[in-house]
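Data first, discussion second: the structure below is written as structure tokens.
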Protein chains: 2
Amino acid sequence: MGITSRDVARLAGVSQPTVSRALRGDPRVSEETVRKVRMAAEALNYVPSEAGRSLSTRISHRIGVLVTDLANPFYPHLVGPLHDELEQRGYRMMLFTERSEAAASAERLVDRSIDGLVLATSTLDSALPAELGRRELPFVYLNREGTTPADAVAVDNRLGGEQVARQLVEDGHRHIGGIFGPDNTSTGRDRELGFRQALADAGIALRPAHVRHGPFEFETGRDALPELLAADPAPTAVFCGNDVVAIGVLDAARRLGVDVPSQLTVVGFDDIPMASWASFELSTVRHDLRGMARTAAGLLVERVSGAYQGEPRRVVLSPRFVGRRTHGAPSGN
Amino acid sequence: MGITSRDVARLAGVSQPTVSRALRGDPRVSEETVRKVRMAAEALNYVPSEAGRSLSTRISHRIGVLVTDLANPFYPHLVGPLHDELEQRGYRMMLFTERSEAAASAERLVDRSIDGLVLATSTLDSALPAELGRRELPFVYLNREGTTPADAVAVDNRLGGEQVARQLVEDGHRHIGGIFGPDNTSTGRDRELGFRQALADAGIALRPAHVRHGPFEFETGRDALPELLAADPAPTAVFCGNDVVAIGVLDAARRLGVDVPSQLTVVGFDDIPMASWASFELSTVRHDLRGMARTAAGLLVERVSGAYQGEPRRVVLSPRFVGRRTHGAPSGN
DNA sequence: CCTCCTCTTTCATACGTATGCACACTAGCT
DNA sequence: AGCTAGTGTGCATACGTATGAAAGAGGAGG
């Protein structure tokens, strides 16, 4: 039932290769022939087989995107812009989630069904990037970086952490807590590093009882806050690994009857759209999420198309503290 | 640089077809040969080319998923389970968003690069389903249904709307509003239909000033509420097209200083995880979102694999009102 | 009238895997 | 020993498109 270029050729009275060339705009085909072929293709509703094409050209025009968890409200803000940018550049998007072991999932990525891969949730200890390098599948780190050298687009997370620390110190906080992301993510690690460093410069240390680590999820913040508030003294401010965690904290605070910001300052990271909802008005660290995703798509496409063949490039976006209504001076006592 | 089955064959000292058969578990290949081939494949890090395979078998083992807008917090809850179920059944997921005209985007869907398609945001007036039928690309409606007959999985939206209406009436509301979804979606239309019908049965009519329509987005609820509250009399309860809209309403209420539920009852639809956050505690209509997605994936896979070839099947899930903390009796005045 | 050149088209083949069919070889039976 | 049945492998080819090389047509120039 599939219409092939042969069928079109027969109807147009030309050879199959001529059909291929005519439809692809090869200048060697006469206008007259192009017109005949176009009409025949139209009449038959011909759509070139992508499988045949990619077998012949060794280009699939597909890019994979790998994330751990779609349900996390953060990732759609990366995946959406990625999709749009890829489509604009003539690539389709395949979505993979990385539940199983990295090694096992490498197989399905290197069967030449994708030209390249966007790693959006790579961990520092993942074996996947090295494996991809070995298999020569081009990839780009997005948001999180890995240890294997490759194109990367990320935020200056240390700087972001520093900005938050300085703000909290300036607001007068001395008992400060942190609910950081996983140690094995560059985002989690660097935000914490910058935050701790700037606090240390101000002569403030984080007590272990005021620190938690966990995945960048709502539940992490929601479950960690009660524990932090049980410490004596309790922290008057909490810096969260990202907005989703911070919203979990706000949720817990509401449940506990803790008023924000009069009793507790909460700061997030990323400035996802939800952060500016009236329900949250979250003070956070803004960066260009959409631009980051599109830039990553651009770097990868340049790489897989051969337009760029040099050393890995690293694009670092600048973050900026955005004060909304979840931060303020600690209550005096 | 790509390792092919020929390379493996050479190393194993067999023919290329034997490699193919051995690795695919053809029982006609002797154990001895299978072992040799396996070792050779292992040694060369051989991964079968997906392009070659799909050209030969005419099966891509890829399923497309079409949604309008990923940033909407609703869709990840469909796309996530879809991905998992598809992967479990041996299919990869390609993600498409439908921004451009349906006709234009049909082309890219029928190039035989996917075996089937999940329509998650189909509108009643879309030309795409008919076009897909004409091109013989199997598809399934998920959540929203269309007019062209096809496999479908959906909720009994009328019933859900009725349940909400009965609850509001029972709670004593007489001035009731609705912020419904688009008329050209089955979900929007049926929820409104059931809601209106049950209200009419109770002798209550919806005033036009209490009714809005809009896309299933946060902004729809956020922007519509002030308008509804400006009516005289103002509604004491608002039924929203889905949870995302309802959360927009809650957000606006908070911004306006309107207390929920003492001054305003708000009810959503879907029971997405966010609905149960302490920040919202949204009363809503629950259905099995995850199960719905997985069922759709199952129907489609059975269809594209040829396991099922009969008439279109329609699976309808039952919804159930879930009372949380955004509904109650109207304030007496 | 022949040659050479340009322009357009066809020929032949590659891409990598899967599969119907033929073939070779072994074993079992009479 | 000869025939049949059964088993395992190779041969030939299909899948649909793209592309380098060759061929054909037509015109210009000598």
(request) Please tell me which of B:Thr57 and B:Lys36 maps to the more 5' nucleotide of DNA chain D, matching each residue to the nucleotide holding its nearest heavy atom. (result) B:Lys36
(message) Heavy atoms from C-beta onward define the side chain here; which of C:dT17, D:dG16, D:dG8 lies closest to that of A:Ser49?
(response) D:dG16
(request) Find the distance A:Asp26:CG to C:dC7:P and express it as a whole number of Å. (result) 13 Å
(request) Describe the nucleic acid contact of B:Val19 in one word from base, sugar-phosphate, nothing, applying a heavy-atom distance below 4.0 Å. (result) nothing
(request) Taking only the side-chain nitrogens and oxygens of A:Ser5, find out if one of them lies under 4.0 Å from OP1 or OP2 of D:dA18. (result) no
(message) Between A:Thr97 and A:Val67 (side chain of the first, backbone of the second, donor and acceptor by atom type, cut-off under 3.5 Å), is there such a pair?
(response) no
(message) Just the rounded figure in Å: distance from P of D:dT19 to CZ of A:Arg58.
(response) 12 Å
(request) Please check if the side chain of B:Asp115 supplies one atom and the backbone of B:Ser60 the other of a donor-acceptor pair under 3.5 Å. (result) yes
(request) Could you check B:Gly13 against A:Ser56 and say which one's nearest nucleotide on DNA chain D is further toward the 5' end? (result) B:Gly13
(request) Determine yes or no for a side-chain-to-main-chain donor-acceptor pair under 3.5 angstrom, with B:Arg303 supplying the side chain and B:Gly298 the backbone. (result) no
(request) Specify the separation, in whole Å, of atom CD of A:Gln16 and atom P of C:dC11. (result) 11 Å
(request) Among the candidates C:dT17, D:dG8, C:dG16, find the nucleotide nearest to the side-chain atoms of A:Leu55. (result) C:dG16
(message) Quick check on D:dT17: is either OP1 or OP2 less than 4.0 Å from any side-chain nitrogen or oxygen of A:Arg24?
(response) no
(request) Whole angstrom is fine here: how far is it from CG in B:Leu23 over to P in C:dA18? (result) 9 Å
(request) Please check the phosphate of C:dC15 (OP1 and OP2 only) for any side-chain N or O of A:Ser54 closer than 4.0 Å. (result) no
(request) Among the candidates D:dT17, D:dT9, D:dG10, find the nucleotide nearest to the side-chain atoms of B:Ser15. (result) D:dG10
(message) As a test of reading the structure: which of C:dG16, C:dT10, D:dT9 is closest to the side chain of B:Arg28, going by heavy atoms?
(response) D:dT9
(request) Using heavy atoms to find the nearest nucleotide of DNA chain C for A:Arg6 and A:Glu32 separately, return the residue whose nucleotide is more 5′. (result) A:Glu32
(message) Checking contacts here: which listed nucleotide (D:dT19, D:dT9, C:dT17) is nearest the side-chain heavy atoms of B:Ser30?
(response) D:dT9
(message) Side chain of B:Thr18, heavy atoms from C-beta onward: which of D:dG10, D:dT17, C:dT10 has the nearest atom to it?
(response) D:dG10
(message) Rounded to whole Å, how long is the line connecting atom CZ of B:Arg112 with atom P of D:dC15?
(response) 14 Å
(request) Give a yes or no on whether a donor-acceptor pair under 3.5 Å exists between the nucleobase atoms of D:dG10, that is its base, and the side chain of B:Arg21. (result) yes
(request) State which residues pass side chain to side chain donor-acceptor pair (under 3.5 Å) with A:Arg38; sequence neighbours excluded, sorted by chain then number. (result) none
(message) Here's one to test your reading of the geometry: is the NZ or CZ of B:Arg313 within 45 degrees of the ring axis of B:Tyr308 and under 6.0 Å from its centre?
(response) yes
(message) Rounded to whole Å, please give me the gap between CG in B:Asp7 and P in C:dG16.
(response) 9 Å
(request) Answer yes or no: is there a donor N or O on one side and an acceptor on the other, between the side chain of A:Ser126 and the main chain of A:Ser122, under 3.5 Å? (result) no
(request) Grab the CD1-C1' distance between A:Ile59 and C:dC15 for me, whole Å please. (result) 13 Å
(message) Need one value for A:Pro17: base, sugar-phosphate or nothing, where a base atom within 4.0 Å counts as base even if backbone is also close, heavy atoms only.
(response) base
